[in-house]
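Here, residue 1 is the first one in the sequence, and each next residue gets the next number. What's counted below: heavy atoms across the whole structure, side chains too, no hydrogens, waters or symmetry copies. Source: prediction; values computed, not measured.
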Amino acid sequence: QVQLVESGGGLVQPGGSLRLSCAASGTFYNIIYMGWYRQAPGKERELVGHIITGNSDSTNSTDSVRGRFTISRDNVKNTMYLQMNRLEPDDTAVYYCKAAFRTPVAGTPSHRVVEVWGQGTLVTVSS
């Protein structure tokens, strides 16, 4: 079983910074994909940015946060981070992380891919 735990949310003034963490745990071979999503009140969940594991991890982020938010990952700690700078009131949302794990299938040499969501952490940008 695998799980994700987010932390680091809170209340911050416009122009401020926060760093969110998403820690993965459980039994898995590797993490194929990790991404940050957010859901503002009354809106649909949207992708903030993601990391795709490869020979060199590639990152991508949505236009509204590019240049302000940075996604990174510590492969030793199996933790993904979202550094958010120059926060704006429109960034207020519940932030979720999502990951895709390659996990063993008990009793076989096979593996399967499991997608997991974290529980979410609230970020409020307000003066």
Self-check item: For the student: nearest non-hydrogen atoms of A24 and I31, plus distance
Solution: CB-CD1, 3.9 Å

Quiz prompt | Donor-acceptor contact below 3.5 Å, side chain S110 vs main chain T108 | solution = no

Quiz item: What is the distance from atom CE of M34 to atom CG of N78, rounded to the nearest 0.5 Å?
Solution: 7.5 Å

Quiz item: Would you call the rings of H111 and Y29 parallel, tilted or perpendicular, where under 30° means parallel and over 60° means perpendicular?
Solution: perpendicular

Quiz prompt | Donor-acceptor contact present, side-chain T92 to main-chain V125, <3.5 Å | solution = yes

Quiz item: What is the distance from atom NE2 of H50 to atom SG of C97, rounded to the nearest 0.5 Å?
Solution: 15.0 Å

Exercise. Show your reasoning for whether side-chain contact (heavy atoms from CB on, under 4.5 Å) applies to F69 and L18.
Key: CA-CA 10 Å; F69 291 9; L18 278 177; over 6 Å; no

Self-check item: Side chains of R68 and M84 in contact at under 4.5 Å (non-hydrogen atoms)
Solution: no

Quiz prompt | Nearest atoms (heavy-atom pairs only) where V116 meets L4 | solution = O-CD1, 3.2 Å

Quiz item: Taking all atoms of both residues into account, what is the closest heavy-atom pair of S17 and N85, and its distance?
Solution: OG-OD1, 3.0 Å

Quiz item: In terms of ring plane angle, is the pair Y96 and W117 parallel, tilted or perpendicular, where the classes change at 30° and 60°?
Solution: perpendicular

Exercise. State the CD-OG distance between Q3 and S25, to the nearest 0.5 angstrom.
Key: 4.0 Å

Exercise. Find the distance between OG1 (T62) and CZ (R38) and round it off to the nearest 0.5 Å.
Key: 7.5 Å

Quiz item: Rounded to the nearest 0.5 Å, how far apart are CE of M80 and CH2 of W36?
Solution: 5.0 Å

Quiz item: Quick one: does NZ or CZ of R19 land under 6.0 Å from the six-membered ring centre of Y81, within 45 degrees of the ring axis?
Solution: yes

Self-check item: Spatial distance of atom CD (Q83) from atom OG (S21) [nearest 0.5 Å]
Solution: 9.5 Å

Quiz item: What are the two closest heavy atoms between S127 and P14, and how far apart are they?
Solution: N-CD, 3.7 Å

Quiz item: Hey, quick one: are V5 and F101 part of the same hydrophobic cluster, counting side-chain heavy atoms closer than 4.5 Å, chains of contacts allowed?
Solution: no

Quiz item: Looking at D74 and V76, what are the two nearest heavy atoms and their distance?
Solution: OD1-N, 2.9 Å

Quiz prompt | Closest non-hydrogen atom pair between R86 and G67, with its separation | solution = NH2-O, 3.4 Å

Exercise. Please determine which of V48, I71, T121 meets the side-chain contact (heavy atoms from CB on, under 4.5 Å) test together with L20.
Key: T121

Quiz item: Is Q39 reaching over with its side chain to a backbone N or O of A93, donor-acceptor style, under 3.5 angstrom?
Solution: no

